[in-house]
Amino acid sequence: MIDADLKNKFLVAAATLALSLIAFSGPSWGNSGTGVQTSCGGDASDNWTFTTDALDGRFLHVIWTGPQGETRVSTLNYYATNTEGYPVFTGTFLDVAEVILVDKSGGAPKNDSEVMVFTEDWGWVAGNCRELGKTGSSEVSGTEFVRKNLVGSRDASATNWLQRNGFARESILEFSEIGKIERWQMDQGDAIEVVFYHGIVSDVHLALK
C-alpha cells in the first residue's frame with residue numbers, strides 16, 4: 001500500500017504540474033450577462049459527491065456532500081486559461097486543501113460537457129454538466145427536470161440543490177419518523193412537492209393549486 005504522506009506529496013506535485021502548464025491569459029467566457037446557469041456533478045471518493053455551478057460560463061463554487069448529508073463549500077476564483085484553452089478555477093477545501101477545477105468545455109459549459117476537479121485527498125475526479133437554462137426560466141423549475149436531479153438524493157443535498165436553483169421552502173405538509181412531504185415554491189413557476197422517505201427523496205410532483 002502506498003504510504004499516505006507519499007501519496008499526498010504525489011498529488012500535490014500533480015496539481016503543481018497542472019498549474020505550471022497554464023498559460024496566463026484573460027477569461028475565455030463572454031461578459032454578455034445573459035444569466036445562463038449550468039450545473040455539473042460527479043462522485044469524489046469515500047461516498048462523497050460534488051456539484052459545481054456556473055453562471056454565464058464562470059464557475060462560482062464546488063459544493064461537496066458527504067455520506068451523512070453534510071456539506072462543505074469551496075469558493076472558486078478564476079485562475080487562468082491553460083494551453084488547451086480550458087479555463088481553470090481554484091479554491092480550497094476547508095480552507096486547507098487546494099481545489100482546482102478545469103472547465104473542459106472551453107468556457108461554455110452545456111449539456112454533456114465535462115469538468116475535472118482536483119483535491120489533495122481525492123486526486124482528479126470528473127463531473128458531467130447540464131444546462132439549467134436562464135435564471136428564472138421554467139426550464140429550471142420543470143417538475144420532470146427537478147425529479148431527475150433529486151430522486152435518490154439525501155435530505156441535505158436535495159435542500160441545497162433546491163435553494164441554489166431558486167426554490168424556497170414554503171411548508172412541511174406531513175412529517176413522521178420515516179417520511180415527510182415538503183412544498184417548495186419558485187419565484188416564477190408552480191409549486192412542487194418533494195417526498196422524502198427515510199431521509200431520501202422518493203418522488204417530486206407538481207403541487208395542487
J.: For a quick test of reading the model, state the closest non-hydrogen atom pair linking V99 to T92 and the distance between them.
T.: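 So the minimum-distance heavy-atom pair works out to CG2-C, 3.7 Å.
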J.: If the condition is ring-ring contact (aromatic ring centres under 6.0 Å, His included), which residues does W48 pass it with, not counting sequence neighbours?
T.: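 Expected list: W122.
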J.: Quick one: CZ on F118 to CD on E98, what's the gap to the nearest 0.5 Å?
T.: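 Those atoms lie 7.0 Å apart.
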J.: Run T90 and L76 through side-chain contact (heavy atoms from CB on, under 4.5 Å) and show every step you take.
T.: CA-CA 5 Å; T90 60; L76 297 175; 6.0 Å; no
J.: Any chance the rings of Y78 and F89 have centres within less than 6.0 Å?
T.: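 Ring-ring flag for Y78/F89: true, centres closer than 6.0 Å.
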J.: Does I100 belong to the same Ile/Leu/Val/Met/Phe/Trp/Tyr cluster as M116, with side-chain heavy atoms less than 4.5 Å apart forming each link?
T.: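 I100 and M116: one cluster.
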J.: Checking L162 against L150 for the side-chain contact (heavy atoms from CB on, under 4.5 Å) test, could you report, in this order, the C-alpha distance in whole Å, the side-chain angles of both residues, the deciding distance, and whether it holds?
T.: CA-CA 9 Å; L162 286 162; L150 291 191; 3.8 Å; yes
J.: How far apart are the C-alpha atoms of I192 and V146, what are their side-chain angles, what is the distance that settles it, and do they pass the side-chain contact (heavy atoms from CB on, under 4.5 Å) test?
T.: CA-CA 9 Å; I192 59 171; V146 176; 3.9 Å; yes
J.: For residues E193 and I181, report the shortest heavy-atom separation together with the two atoms involved.
T.: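 So the two residues come closest at CB-CG2, 4.0 Å.
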J.: Look at the side chain of S157 and the backbone N and O of S153, then say whether any donor-acceptor pair between them is shorter than 3.5 Å.
T.: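 No.
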J.: State, to 0.1 Å, how close T38 and K110 come at their nearest heavy-atom pair, and which atoms those are.
T.: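 In this case the closest contact between T38 and K110 is CG2-N, 4.2 Å.
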J.: I'd like to know if F93 and F59 are part of one continuous hydrophobic network [Ile/Leu/Val/Met/Phe/Trp/Tyr, side-chain heavy atoms within less than 4.5 Å].
T.: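 The answer is yes; both residues are in one hydrophobic cluster.
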J.: By the rule that ILVMFWY residues connect when side-chain heavy atoms come within less than 4.5 angstrom, directly or transitively, which residues belong alongside V96?
T.: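 Grouped by the 4.5 Å side-chain rule, V96 forms a cluster of one, so the answer is none.
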J.: For residues E182 and I172, report the shortest heavy-atom separation together with the two atoms involved.
T.: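 That closest heavy-atom pairing would be CG-CG1, 4.1 Å.
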J.: Can you name the closest pair of heavy atoms from V195 and H205 and give their distance?
T.: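 Heavy atoms of V195 and H205 come nearest at CG2-NE2, 4.0 Å.
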J.: If you measure from NZ on K148 to CZ on R130, what distance do you get to the nearest 0.5 Å?
T.: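 With rounding to 0.5 Å, NZ (K148) is 6.0 Å from CZ (R130).
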J.: Tell me if a side-chain donor or acceptor on E120 pairs with a main-chain N or O of A97 at a distance below 3.5 Å.
T.: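 No, the answer is negative, given that no donor and acceptor are paired below the 3.5 Å cut-off.
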J.: Please name all residues satisfying salt bridge (Lys or Arg N to Asp or Glu O under 4.0 Å) with K104, sequence neighbours left out, ordered by chain then number.
T.: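 Testing K104 for salt bridge (Lys or Arg N to Asp or Glu O under 4.0 Å), a comparison that skips the adjacent residues, returns E114.
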J.: Listed by chain and number, what are the salt bridge (Lys or Arg N to Asp or Glu O under 4.0 Å) partners of D43, not counting sequence neighbours?
T.: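 Expected list: none.
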J.: Are T119 and D121 close enough that a side-chain donor and a side-chain acceptor fall under 3.5 Å?
T.: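 Note: T119 and D121 side chains miss the donor-acceptor criterion.
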J.: Please name all residues satisfying ring-ring contact (aromatic ring centres under 6.0 Å, His included) with F196, sequence neighbours left out, ordered by chain then number.
T.: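 Testing F196 for ring-ring contact (aromatic ring centres under 6.0 Å, His included), a comparison that skips the adjacent residues, returns none.
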J.: Just verifying a value: how many Å separate N160 CG and D155 CG, rounded to the nearest 0.5 Å?
T.: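 If I round to the nearest 0.5 Å, the distance is 11.0 Å.
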J.: With hydrophobic residues grouped by side-chain heavy-atom distances under 4.5 Å, do I63 and V115 end up in a single group?
T.: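 Hydrophobic grouping puts I63 apart from V115.
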J.: Among N77, D53, T52, which one satisfies side-chain hydrogen bond (donor to acceptor under 3.5 Å, both in side chains) with H61?
T.: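 Of N77, D53, T52, side-chain hydrogen bond (donor to acceptor under 3.5 Å, both in side chains) with H61 is met by D53 alone.
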J.: Determine whether V102 and W124 make a side-chain contact, defined as any pair of heavy atoms from C-beta on separated by less than 4.5 Å.
T.: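 Heavy-atom side-chain distance check passes, below 4.5 Å.
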J.: For the pair D203 and R147, evaluate side-chain contact (heavy atoms from CB on, under 4.5 Å) and give the outcome as yes or no after the intermediate values.
T.: CA-CA 7 Å; D203 194 17; R147 181 183 293 114; 3.2 Å; yes
J.: Linking I/L/V/M/F/W/Y whenever any side-chain heavy atoms sit under 4.5 Å apart, do V73 and L101 land together?
T.: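 They do not share one cluster, since no chain of ILVMFWY contacts under 4.5 Å joins V73 to L101.
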J.: How far apart are the closest heavy atoms of P109 and G57, and which atoms are they?
T.: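 Looks like CD-CA, 3.7 Å.
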J.: Verify the cluster assignment for V194 and W161: are they in a single hydrophobic cluster under the rule of side-chain heavy atoms below 4.5 Å apart?
T.: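 V194 and W161: one cluster.
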J.: With sequence neighbours excluded, give me every disulfide bond (SG atoms under 2.5 Å apart) pair touching residues 51-129.
T.: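 Output for this query lists C40-C129.
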J.: For S74 and W64, does a side-chain donor sit closer than 3.5 Å to a side-chain acceptor?
T.: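 Short answer, yes.
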